[in-house]
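Bear in mind that the values here come from a model prediction, so they are computed numbers and not experimental data.
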Amino acid sequence: MADILIIDDETSLANSLGFALRAEGYAVTSATTGEAGLAAAQVSAPSLVLLDLRLPDGSGLDFLERLRSALPDTPVVMISAHGDTRAAVQAVKRGAFD
C-alpha cells in the first residue's frame, strides 16, 4: 500500500483529498505546515507528496527543495488554489514531478 503525504494548510482540502485517496486504498498522512510535513516525510518515507505552494511557515518551493534533498526518489506534486504560471515553472525546475 502506498503512503501519500499531503502538506496543505487548508484542512478542508487536505481532508477531502485524504478521504478520496483512502477510498482508493492509499494510506494518507497530512500536515498543515512545511516543517510538520518535513518531519512527517522523514518518519513515513511516503511514496508521493502533495505539496501546497503557499504554506503558513514559508513557500512550498522552499520546502520542495528540502523534500527533494531528504527524499530524492519521492515524487512531489505541487498543488495550489492560486494559479501562478511562474511558480509552476519554478516548481518543475526545482524538481517537482508536476
Side-chain angles (χ1 to χ4, degrees):
M1 177 183 325
D3 183 29
I4 298 175
L5 173 60
I6 302 170
I7 305 173
D8 195 320
D9 61 323
E10 295 290 333
T11 55
S12 61
L13 175 63
N15 289 341
S16 294
L17 283 172
F19 180 80
L21 292 167
R22 284 183 191 95
E24 293 298 320
Y26 296 100
V28 178
T29 303
S30 296
T32 58
T33 67
E35 291 297 336
L38 286 170
Q42 292 175 351
V43 170
S44 69
S47 301
L48 172 70
V49 177
L50 301 177
L51 175 61
D52 191 7
L53 184 60
R54 296 181 184 177
L55 295 166
D57 57 345
S59 167
L61 293 174
D62 294 334
F63 287 107
L64 168 64
E65 289 181 351
R66 293 173 64 188
L67 281 165
R68 300 294 301 141
S69 178
L71 302 167
D73 297 326
T74 302
V76 178
V77 175
M78 300 298 295
I79 58 175
S80 180
H82 310 281
D84 185 344
T85 304
R86 187 178 321 168
V89 169
Q90 283 299 313
V92 172
K93 285 182 178 179
R94 293 184 187 195
F97 181 77
D98 195 14

Locate the shortest heavy-atom distance separating [X] from [Y]; write the atom from each residue and the value.
{"X": "Asp9", "Y": "Pro56", "answer": "CB-CD, 3.5 Å"}
{"X": "Ala41", "Y": "Leu67", "answer": "CB-CD2, 3.8 Å"}
{"X": "Val28", "Y": "Asp3", "answer": "N-OD1, 4.0 Å"}
{"X": "Arg68", "Y": "Thr74", "answer": "NH1-O, 2.8 Å"}
{"X": "Leu5", "Y": "Gly37", "answer": "CD2-O, 3.4 Å"}
{"X": "Gln42", "Y": "Ala70", "answer": "NE2-CB, 4.2 Å"}

Should Leu71 and Leu64 be counted in the same cluster of Ile, Leu, Val, Met, Phe, Trp and Tyr side chains packed under 4.5 Å apart?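 In one cluster: no.
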Is there a continuous path of hydrophobic side-chain contacts, each under 4.5 Å between heavy atoms, that joins Leu17 to Leu48? yes
Inter-residue atom distance [X].[atom1] - [Y].[atom2], 0.5 Å rounding:
{"X": "Asn15", "Y": "Arg22", "atom1": "CG", "atom2": "CZ", "result": "8.0 Å"}
{"X": "Leu61", "Y": "Leu51", "atom1": "CG", "atom2": "CG", "result": "8.0 Å"}
{"X": "Leu55", "Y": "Asp62", "atom1": "CG", "atom2": "CG", "result": "10.0 Å"}

Side chains of Leu50 and Asp8: does their closest heavy-atom pair fall under 4.5 Å? no
By the definition side-chain contact (heavy atoms from CB on, under 4.5 Å), identify the one residue from Asp57, Val49, Thr33 that meets it with Phe63.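 Testing each of Asp57, Val49, Thr33 against Phe63, the sole residue satisfying side-chain contact (heavy atoms from CB on, under 4.5 Å) is Asp57.
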So, the side chain of Ser69 versus the backbone of Glu65: is there a donor-acceptor pair under 3.5 Å, distance only? no
Output yes when Glu10 and Arg54 qualify as a salt bridge under the 4.0 Å nitrogen-oxygen rule, no when they do not.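 So Glu10 does not pair with Arg54 through a salt bridge.
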Step-by-step side chain to side chain contact (heavy atoms under 4.5 Å, CB included) determination, Ile7 to Asp52: CA-CA 6 Å; Ile7 305 173; Asp52 191 7; 5.9 Å; no
